[in-house]
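Comments concern the structure below.
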2 protein chains.
Amino acid sequence: MAKRKPTIHEVAHLAQVGIGTVSRVLNNHPSVRPETRNRVLSVMADLGYSPNPHARRVAGGRSYTVSVILPVISTEFYSRLLEGIEQVLSEERYEIALFPIFSPTRLRRYLENRSLAYQTDGLLVASQGLAYLLPNQKFPTERPVVLVDAYSPHYDSAYMDNYLGGRMAAAHLAQFPGEFFAIQMQEELDEVMRNTVGRERVAGFREGLREAGRSLPEDHVFASRFSADGGRLALQYFMRLAPPPYNIFAGADLLALGVLEEAERQGLRPGEEVRLLGFDGHPWTETRGLSTLAQPIEAMGAAAARLLMERIRGYRGTPRTQRFEPTLVARASTRPGPECPKSFA
Amino acid sequence: MAKRKPTIHEVAHLAQVGIGTVSRVLNNHPSVRPETRNRVLSVMADLGYSPNPHARRVAGGRSYTVSVILPVISTEFYSRLLEGIEQVLSEERYEIALFPIFSPTRLRRYLENRSLAYQTDGLLVASQGLAYLLPNQKFPTERPVVLVDAYSPHYDSAYMDNYLGGRMAAAHLAQFPGEFFAIQMQEELDEVMRNTVGRERVAGFREGLREAGRSLPEDHVFASRFSADGGRLALQYFMRLAPPPYNIFAGADLLALGVLEEAERQGLRPGEEVRLLGFDGHPWTETRGLSTLAQPIEAMGAAAARLLMERIRGYRGTPRTQRFEPTLVARASTRPGPECPKSFA
DNA sequence: CTGAAAGCGCTTACAG
DNA sequence: CTGAAAGCGCTTACAG
C-alpha cells in the first residue's frame with residue numbers, strides 16, 4: 001500500500017537533469033544555474049520529494065548529526081537553548097540526537113566511549129559539571145566537542161557570565177532599603193548539573209552588594225531544589241529570619257515564581273514588602289511583573305552550534321570561547337515605591 | 001590520521017567467507033554453521049569491527065530506530081522505563097531516538113506530521129494525555145504507535161493500573177486510626193502529562209477507603225507540583241487542617257520524600273504521627289524506610305517495546321493491551337506501632 | 001549452509 | 001554549469 005517514496009532519480013528524470021545536479025540543488029551547491037535549480041525545486045515540490053537521510057549519510061561518510069547532552073531540569077531554559085541550536089543546525093541540514101540526562105546511570109552510559117553519543121559528527125554538551133566527571137576532563141572521543149552554558153579550557157564554549165549577572169542583581173537591588181536574601185539552586189545530581197551556575201550567581205550577588213556597601217549574610221542564602229515550590233519554602237525561611245521588607249535575588253525565574261506565590265499567600269506585596277529579582281527572562285515573567293536578568297539563551301545555543309559546525313568543517317585552532325551577558329529587565333517586582341527614594345544608599 | 005573503520009569486506013576477506021555470510025552473522029541469521037560463525041565473530045573482535053548503522057539502514061530500507069516521546073518530569077521513573085525499552089530494542093539491534101517534551105512548543109513540533117519523530121520505524125509514546133491533543137486522538141502517521149504508561153482504544157498499550165494502586169494504598173492505610181490525606185500530583189503541562197495518573201491514584205484511594213468504611217474529605221487532598229518540595233508544602237497544609245496522626249498517601253515516592261523531610265523538621269515521627277505511603281518503588285525508598293507501591297516500570301517499558309516490535313514486524317491485529325499492577329512494600333513509614341492494634345477498623 | 005551479485009539512495013570527484 | 005560513473009557499507013533474494 002505504502003507507495004515508495006520518490007528518489008533522486010525520479011526528480012532528475014522529470015526535471016531532465018542528472019542526479020548529480022539534483023544532489024547539488026539539495027546541498028545548495030553554488031554552481032547550479034538558477035533556472036535549473038528552480039526547475040528541480042519545482043519537481044521536488046510536485047513529487048513531495050524529501051531526501052533519504054540514511055543514503056546521504058552512507059554516501060557522505062558522515063552522520064550529519066550532532067549529539068546534544070543536556071540535563072532534564074529547567075525545561076524552559078533547555079527548550080530555548082535547543083531552539084537556538086536547531087536554528088543553526090537545520091540550516092546546515094544537520095539533525096540532533098538528544099541525550100537527556102534522566103539519571104546518573106544514563107549519564108554514565110552516555111559518556112562511555114562506545115556510546116551512541118560519540119557516533120555522530122560532534123558533541124554539544126550543556127552541563128557545567130559534566131567535564132569534571134571525566135578522566136582528565138576530556139571526553140573519550142576524537143570528534144569535536146563544544147560546551148554550551150558551561151566552560152572548560154579544553155573545549156570551545158559558549159557560556160553565560162553568571163557571576164556578572166549576580167553583580168548586576170546586586171547593583172539593582174542595592175538601591176532599596178532593607179536586608180538582602182538569595183536563593184541558590186542546588187540540584188540533586190549535584191556535580192553534574194547547574195550547581196556551579198547557582199553558586200556563581202550568588203557569589204556575584206554577594207560581591208556586588210559588598211561593592212555597594214551592603215551585605216549578604218551567610219544564613220540569608222537559602223539552598224533550594226530547582227522548583228517553584230522551593231521558592232515558596234525559601235520565602236517561608238526568610239520570614240522566619242527577619243521582618244519585611246525583603247530584597248530577594250531568586251537565582252532563577254522558576255524559583256522567583258514560587259516566591260511570588262508564597263508572598264501572595266502571606267499577604268506580602270511584590271515590589272513593596274518583597275522585592276524580587278529572577279534570572280532567565282522567560283516570556284511569562286512579563287505578565288507576572290517579575291523583574292529578571294534576561295539571558296540570551298537562544299543566541300548562546302546558536303553560537304555553540306556555530307562553533308561546533310566550524311570544528312566539524314575542519315577548523316583546528318585552540319579552544320575558543322564566547323561569553324554572554326544577561327540584561328536587567330526591571331518590572332513591578334522591583335519598582336521603587338514612593339516611600340522608597342531611588343537615591344537610597 | 002583517523003584510520004578508516006574496518007568494513008564488512010575486510011571481515012569477510014580475513015574470515016575467508018563472503019560478505020553475505022558476515023551479514024548473516026551480524027543479524028543472527030540461523031543458517032550459519034557455528035564454526036563459520038565463530039570464525040567470523042573472532043575476526044570481528046580482532047578488527048574491532050562494528051557495523052555502519054547508516055549503511056544498514058539504506059540497504060535494509062528501514063531506520064532500525066524507534067522514536068520515544070516522553071515527558072521530562074519524574075526523571076527516575078522515565079529512566080527506569082527507558083531501561084526496559086532499551087533492553088528489548090537492543091536485542092533487536094534497534095536504536096532509540098529520544099523526543100523529550102521540554103515544552104509545549106517542542107511537543108507540538110514533535111507531533112507535526114513532518115516531524116522527525118515519524119521518520120523512524122515506530123513510535124513509543126509515554127504520555128497519558130498526549131493522544132488527546134491530536135485530531136481524533138490519532139497520530140498523523142501510518143507507522144505503528146504503542147502507548148506506554150498510558151492507554152488509548154486506538155493503539156497498543158502497556159499501562160499501570162493506577163486506580164488499583166490507589167485502592168491498595170487505601171486497604172493498607174485503612175488499618176490505622178486517624179484521618180486520611182492524599183497528595184495528588186499535578187504538573188504544569190497539565191493535559192499533556194501524568195495528570196490522569198495522579199487523579200486515578202487518588203480516585204482509587206478514595207474508593208478503597210470508602211470500601212473500608214473510612215473516608216477521604218475533599219479538602220484532605222493537596223494538589224502538588226511534582227517535586228519533593230511539593231511534598232513538604234503538603235504536610236504543612238495537612239498540619240493546618242488537623243492534629244496528628246496523619247495517614248498520607250503520597251501518590252509518588254518523590255512527594256513522599258518531601259513529606260519525610262518536613263516531618264523531620266516538624267518533629268513528627270514517620271510510622272507514628274505520620275504514616276506515609278509512596279508510589280513507584282524507587283530503590284532509595286528502602287534505605288529511607290518508606291513504604292511504597294512498587295511499580296514494575298522496567299517490565300512495562302519492555303512490554304511496550306515488544307508490542308511495538310511485533311507491529312514493526314508486520315502484526316496487524318486490533319489494539320492489544322497489557323495491564324500492570326503495583327506491589328505493596330510495607331516498611332517503617334507504615335509499620336503499626338504497639339499503640340496501634342492491627343485490628344483497628 | 002554459503003557466495004556472488006544486485007541494489008538501497010545518495011555524494012563526489014572527474015570530465016567536459 | 002552539468003552529466004555519467006564510481007563508490008559509500010550494508011541487506012537480500014538467487015543460485016548452488
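Chain letters run A, B, ... following the sequence lines, proteins first, then strands; residues in each count from 1. Just the heavy atoms: all of them, side chains too, but no hydrogens, waters or symmetry mates, feed the values below.
Side-chain N/O atoms of B/S23 include one lying less than 4.0 angstrom from OP1 or OP2 on D/dT11. The side chain of A/R24 contributes no N or O atom lying less than 4.0 Å from OP1 or OP2 of D/dC1. For the OP1/OP2 pair of D/dT11 and a distance below 4.0 Å, the side-chain nitrogens and oxygens of B/R56 include at least one atom meeting the criterion.
Among the heavy atoms of the strands, none lies under 4.0 Å from B/V22. Using a 4.0 Å heavy-atom distance criterion, B/G20 is classed as a base contact. At the heavy-atom level, A/S31 lies under 4.0 Å from base atoms of the strands shown. In this structure, B/Q16 reaches the sugar-phosphate backbone alone: every heavy-atom distance under 4.0 Å involves primed, P, OP1 or OP2 atoms, never a base.
A salt bridge links A/E86 with B/R109: the distance from a Lys NZ or Arg NE/NH1/NH2 to an Asp or Glu carboxylate oxygen falls below 4.0 Å. Electrostatic pairing of A/R306 and A/E91 does not count as a salt bridge here, judged by no charged N lying under 4.0 Å from a carboxylate O. Under a 4.0 Å N-O distance rule, the pair B/E310/B/R316 does not qualify as a salt bridge. Between B/E35 and B/R33, at least one side-chain nitrogen of the basic residue sits less than 4.0 Å from a carboxylate oxygen of the acidic one, meeting the salt-bridge criterion.
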Give the dot-bracket line for DNA chain C from 5' end to 3' end: parentheses for intra-strand Watson-Crick or G-U pairs under 3.5 Å, square brackets for crossings, | for inter-strand pairing, dots for unpaired.
|||.||||||||.|||

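One can place NE2 of A/H13 at 16 Å from C1' of D/dA4, the figure rounded to the nearest angstrom. In this structure, B/L26 places its CG atom 11 Å from P of D/dT12, rounding to the nearest Å. One interatomic measurement links the two molecules: CD1 of A/I19 to C1' of C/dG7, which rounds to 13 Å at whole-angstrom precision. In this structure, NE2 of B/H9 is placed 9 Å from P of D/dC8, rounded to the nearest angstrom. Residue A/R62 contributes atom CZ, which lies 17 Å from atom P of C/dC10 at whole-angstrom precision. A straight line from CD of B/E92 to C1' of D/dT11 spans 17 Å, rounded to a whole angstrom. Atom pair B/N27:CG and D/dA13:P shows a separation of 12 Å (rounding to whole Å applied). Rounded to whole Å, atom C1' of D/dT11 lies 11 Å from atom NE2 of B/H29.
Remark: the A/R80 side chain and the A/H282 side chain contain an N/O donor-acceptor pair separated by less than 3.5 Å. A/R37 and A/N28 form a side-chain donor-acceptor contact under 3.5 Å, judged by distance and modelled atom types alone. Side-chain N/O atoms of A/S79 and A/E76 include no donor and acceptor closer than 3.5 Å. Counting only N and O atoms by type, the side chains of B/S63 and B/T120 include no donor and acceptor under 3.5 Å apart. Side chains of A/S50 and B/R114: no donor on one and acceptor on the other come within 3.5 Å.
Taken residue by residue, residues 36-54 of chain B places heavy atoms nearer than 4.0 Å to DNA chain D at B/Y49, B/P51, B/N52.
Candidate nucleotides C/dT11, D/dT12, D/dG3 were compared by shortest atom distance to the side chain of A/V17, and D/dG3 ranks first. The side chain of A/T21 sits closest to D/dT2 out of D/dC10, C/dG9, D/dT2.
Separation of the A/F139 and A/Y155 ring centroids falls under the 6.0 Å cut-off.
Nearest-nucleotide positions on DNA chain C place B/R33 closer to the 5' end than the other of B/G60 and B/R33.
Remark: the A/R57 side chain and the C/dG9 base include no donor-acceptor N/O pair separated by less than 3.5 Å.
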